[in-house]
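Reading through the structure tokens given below for one structure.
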Number of protein chains: 2
Amino acid sequence: MSKKLDQATQTLKPPRGRRTNGTGLSSTTIMDVAREAGVSYATVSRVVNNKEYVKSDTRERVLKAITSLGYVVNQQARSLAGGRSYAVGLLVRDLGSSYMGEIVKGIDDALSAAQYNLMLYTTHRRKIKERIYVNNLIQGMTDGLLLVLPENLEAYLETLDQTHFPYVLIDHQGLDERTPVVITTNWQGGYDATRYLIELGHRRIGFITGMMDMLSSQDRLNGYQAALRDHGLPVDPQLVYEGTFYQPGGYSGAQSLLQLPEPPTAIFASNDVMAFGVMEAVRDAGLRIPSDISVIGFDNISQASQVAPPLTTVAQPLEQLGREAVRMLLMRMNNPEQPIERSILPTTLIIRQSCDVPRNV
Amino acid sequence: MSKKLDQATQTLKPPRGRRTNGTGLSSTTIMDVAREAGVSYATVSRVVNNKEYVKSDTRERVLKAITSLGYVVNQQARSLAGGRSYAVGLLVRDLGSSYMGEIVKGIDDALSAAQYNLMLYTTHRRKIKERIYVNNLIQGMTDGLLLVLPENLEAYLETLDQTHFPYVLIDHQGLDERTPVVITTNWQGGYDATRYLIELGHRRIGFITGMMDMLSSQDRLNGYQAALRDHGLPVDPQLVYEGTFYQPGGYSGAQSLLQLPEPPTAIFASNDVMAFGVMEAVRDAGLRIPSDISVIGFDNISQASQVAPPLTTVAQPLEQLGREAVRMLLMRMNNPEQPIERSILPTTLIIRQSCDVPRNV
DNA sequence: TTTATTTATGCAAACGCTTACAGAAAAAGA
DNA sequence: TCTTTTTCTGTAAGCGTTTGCATAAATAAA
């Protein structure tokens with residue numbers, strides 16, 4: 001390309017004047033509103049931010065100007081000036097599961113009610129350079145961070161804690177008691193489901209765990225074992241299969257449990273997706289649910305009620321988990337000195353049709 | 001609260017001086033880097049933005065200062081000054097499905113490769129005031145917008161087109177040929193799957209549609225019908241059941257098809273989720289897949305390979321759909337005058353084990 | 001060499017907003 | 001009525017960048 005042409009393009013650049021939003025349409029600024037309402041721009045700012053000390057009819061006038069001009073604040077400018085971006089970062093592994101979907105739904109609802117924007121960061125696959133990554137987040141892009149089931153947490157938490165950047169963990173126990181988290185009563189959920197099966201009359205109950213590096217998996221297992229013990233039943237390690245939280249884990253787990261010399265009459269999977277795998281394996285073995293084998297899950301994702309037979313499961317209040325996390329985060333953002341909360345939401349046993357009394361009782 | 005106390009708090013407010021990021025940790029600015037490298041801040045900016053006219057050893061020096069100080073640009077400021085936010089908005093209904101998950105994965109990958117941030121907007125449930133909403137998006141928050149399967153598109157498109165705001169539609173045909181979209185060959189996918197069944201020997205093939213207000217549903221249906229016609233088979237309306245794209249739709253669709261006086265030997269569901277419903281209904285009817293009934297899906301979500309038997313289906317390149325949409329969007333953002341592209345990605349028939357030759361052949 | 005060009009750097013203004021500060025207006029006390 | 005206090009509004013500075021313009025340094029041409 002010739003130099004001349006280059007210069008020509010140069011000259012064509014828009015003048016620095018009025019901001020055009022990159023779209024050709026110039027956007028209304030606080031100045032325009034001020035002019036329209038016949039006040040200073042500072043007053044407009046006060047109205048927009050709901051500050052005190054504005055005469056009510058002035059406020060009216062400004063508000064009217066705002067709507068008539070269709071003014072909406074420029075977050076970047078606001079953020080630059082005031083140090084708030086009105087955006088929250090959400091860090092997740094991936095988004096494909098309805099588990100994730102429901103949590104995000106809750107987050108999103110609560111956030112938009114509070115007029116906050118949501119920046120999404122997924123960590124799937126990519127090995128991120130934690131330091132830089134987190135730096136980016138806290139470098140004013142967002143005012144706070146929500147982490148759902150974070151993987152190598154230590155890497156984040158160090159930077160986060162050092163800079164006193166507000167964050168909340170979702171469905172993760174954190175490193176210690178001083179980590180702000182929102183979790184559910186996993187132990188109790190495991191206990192309740194198991195007790196339910198016991199009360200139906202089951203004596204041999206198979207259990208398929210989640211990924212055992214997750215505390216929630218351990219809690220569910222512990223709840224299961226505690227219920228057995230409390231009812232005077234043996235805790236047979238043969239009945240526990242280490243799963244993955246994915247469907248194939250449930251399938252092979254059930255296969256292996258059913259091949260036991262003394263197979264269980266009920267199988268408790270640590271999440272619904274694995275329970276679906278269990279159902280498949282049970283059927284493939286020529287058995288019927290619930291008459292031959294009872295199946296119970298965990299999570300209560302929306303599909304759970306749609307399969308046949310509808311799955312009895314332990315409901316996690318996923319959407320509420322997200323909502324609660326946002327509440328906590330906003331709280332921390334506004335009162336950084338507040339003591340750290342840990343919020344524990346209750347699970348509920350949802351009884352549907354995948355469990356029945358065992359055959360031989 | 002007493003006035004005195006109020007004043008006291010007033011006095012306690014941090015001085016306006018050095019920006020503290022709201023976290024207590026002051027962040028490094030372009031100025032710090034300039035000082036460290038012994039150049040002007042303008043030069044630092046040039047280096048950061050890869051502009052020409054910077055001596056290579058100066059560039060080195062600046063780069064070194066940047067890494068040593070851990071500097072990362074402040075997007076808000078950059079946006080304010082330069083009119084670019086380096087963020088893209090993503091508008092989706094909800095996130096629970098693996099359909100969505102895979103598209104988002106592609107988007108996210110491509111976006112972060114291009115150093116862009118992702119702002120998430122979900123429209124589920126909430127009846128949004130379109131105008132204000134869209135305004136918000138384009139008010140400098142984002143530089144472009146990606147819409148996945150948008151619902152009441154007209155509302156958005158008007159504002160978007162008026163302001164020449166860059167956007168791309170994903171898996172939606174748009175209003176006319178002048179809408180930039182990324183779609184897949186739905187018609188061809190429907191055709192291919194049907195032809196495959198015909199070639200296996202099937203003569204009566206049931207079809208369960210998606211939501212018929214979506215063009216993609218119509219295309220799949222048309223592909224199915226065309227294949228029948230091309231092979232000299234009758235197009236029997238009895239064999240077409242109007243579904244929903246959700247599992248129960250598939251279940252009841254299959255039930256109804258199987259109850260026909262002359263039931264089909266194969267069922268083609270317009271997406272995998274409904275195909276799962278079909279499989280369930282088939283089994284509940286005491287029939288086997290694929291020996292009694294062949295089942296074929298559409299989408300190739302990850303679960304499709306995990307069910308038993310693994311589902312034969314038409315793969316949509318979902319992740320690539322997202323990736324391609326980002327490519328198009330960035331292109332439009334950088335060259336607004338370019339003619340509008342419509343990108344059509346090919347579907348592929350994935351043959352697994354849910355189809356077989358019909359029994360009576 | 002001297003002059004014209006090209007390359008490299010710095011200065012300053014602007015982006016749209018928030019907020020400390022100062023001053024005006026209104027309300028409350030004397 | 002005149003202070004004092006309180007409420008209201010405007011001015012100006014600053015947030016961290018980008019970028020037009022001016023100028024300096026380096027290079028090429030004469």
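Here is the naming used below: chain letters follow the sequence lines, and residue numbers restart at 1 for every chain.
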A:Ser45 vs C:dT18: side-chain N/O to OP1/OP2 distance below 4.0 Å: yes

For the pair made of CD in A:Gln75 and P in C:dC17, what is the distance, rounded to whole Å? 10 Å

Between OH of A:Tyr86 and P of D:dC15 the distance, given in whole Å, is 19 Å

Within less than 4.0 Å of OP1 or OP2 of D:dC15, is there a side-chain N or O belonging to B:Asn74? no

How would you list, by chain and number, every residue that makes a side-chain contact (heavy atoms from CB on, under 4.5 Å) with A:Arg35, sequence neighbours excluded? A:Met31, A:Asp32

Can you tell me the distance, in whole Å, between the CD1 atom of B:Ile30 and the P atom of D:dT19? 11 Å

Among all residues two or more places apart in sequence or in another chain, which pass the side-chain contact (heavy atoms from CB on, under 4.5 Å) test with B:Glu154? B:Asn152, B:Leu175

Any chance you could measure A:Glu319, atom CD, to A:Ile103, atom CD1, to the nearest 0.5 Å? 10.5 Å

Toward the 5' end of DNA chain D, which comes first, A:Ala77 or B:Val44, by nearest nucleotide? A:Ala77

Could you list the donor-acceptor pairs under 3.5 angstrom formed between side-chain atoms of residues 332-343 of chain A and any protein atom two or more places apart in sequence or on another chain?
residue, atom, partner, partner atom, Å
A:Arg332, NH1, A:Tyr167, O, 3.1
A:Asn334, OD1, A:Arg84, NH1, 3.4
A:Asn334, OD1, A:Arg84, NH2, 2.6
A:Asn334, ND2, A:Leu330, O, 3.1
A:Glu341, OE1, A:Arg327, NH2, 3.1
A:Arg342, NH1, A:Gln173, O, 3.4
A:Arg342, NH1, A:Asp176, O, 3.1
A:Arg342, NH1, A:Thr179, O, 3.1
A:Arg342, NH2, A:Gln173, O, 3.2
A:Ser343, OG, A:Glu324, OE2, 2.7

Nucleotide C:dC17, atom P - distance to CD of A:Gln76 in whole Å: 11 Å

Side chain to side chain donor-acceptor pair (under 3.5 Å) between B:Asp94 and B:Thr122, intermediate numbers included: CA-CA 6 Å; B:Asp94 56 66; B:Thr122 58; over 6 Å; no

Using five base pairs at each end to define the local axes, how bent is the helix from C:dT1-D:dA30 to C:dA30-D:dT1, to the nearest 10°? 40°

note: B:Met31, atom CE; C:dG10, atom P; distance rounded to Å ~ 12 Å

Under the side-chain hydrogen bond (donor to acceptor under 3.5 Å, both in side chains) test, residues paired with A:Thr67 that sit two or more places apart: none

Are any protein N/O atoms closer than 3.5 Å to N/O atoms in nucleotides 9-12 of chain D? If there are, list each pair with its distance.
residue, atom, partner, partner atom, Å
D:dT9, OP1, A:Thr58, OG1, 2.4
D:dT9, OP2, A:Lys55, N, 2.9
D:dG10, OP2, A:Ser40, N, 2.7
D:dG10, OP2, A:Ser40, OG, 3.0
D:dG10, OP2, A:Thr43, OG1, 2.9
D:dG10, N7, A:Arg46, NH1, 3.4
D:dG10, N7, A:Arg46, NH2, 3.4
D:dG10, O6, A:Arg46, NH2, 2.4
D:dA12, N7, A:Tyr41, OH, 2.5
D:dA12, N6, A:Tyr41, OH, 3.3

Please identify each residue that fulfils side-chain hydrogen bond (donor to acceptor under 3.5 Å, both in side chains) with A:Ser45, with sequence neighbours left out. A:Asn49

A:Arg78 side chain near C:dT18 phosphate (N/O to OP1/OP2, under 4.0 Å): yes

Taking side-chain contact (heavy atoms from CB on, under 4.5 Å) as the definition, give me every residue that meets it alongside B:Lys64, ordered by chain and number, with sequence neighbours left out. none

In whole angstroms, the gap separating C1' of D:dT19 from NZ of B:Lys51 amounts to 7 Å

Run the side-chain contact (heavy atoms from CB on, under 4.5 Å) test against A:Ser68 and tell me which residues pass, sequence neighbours left out. A:Glu36

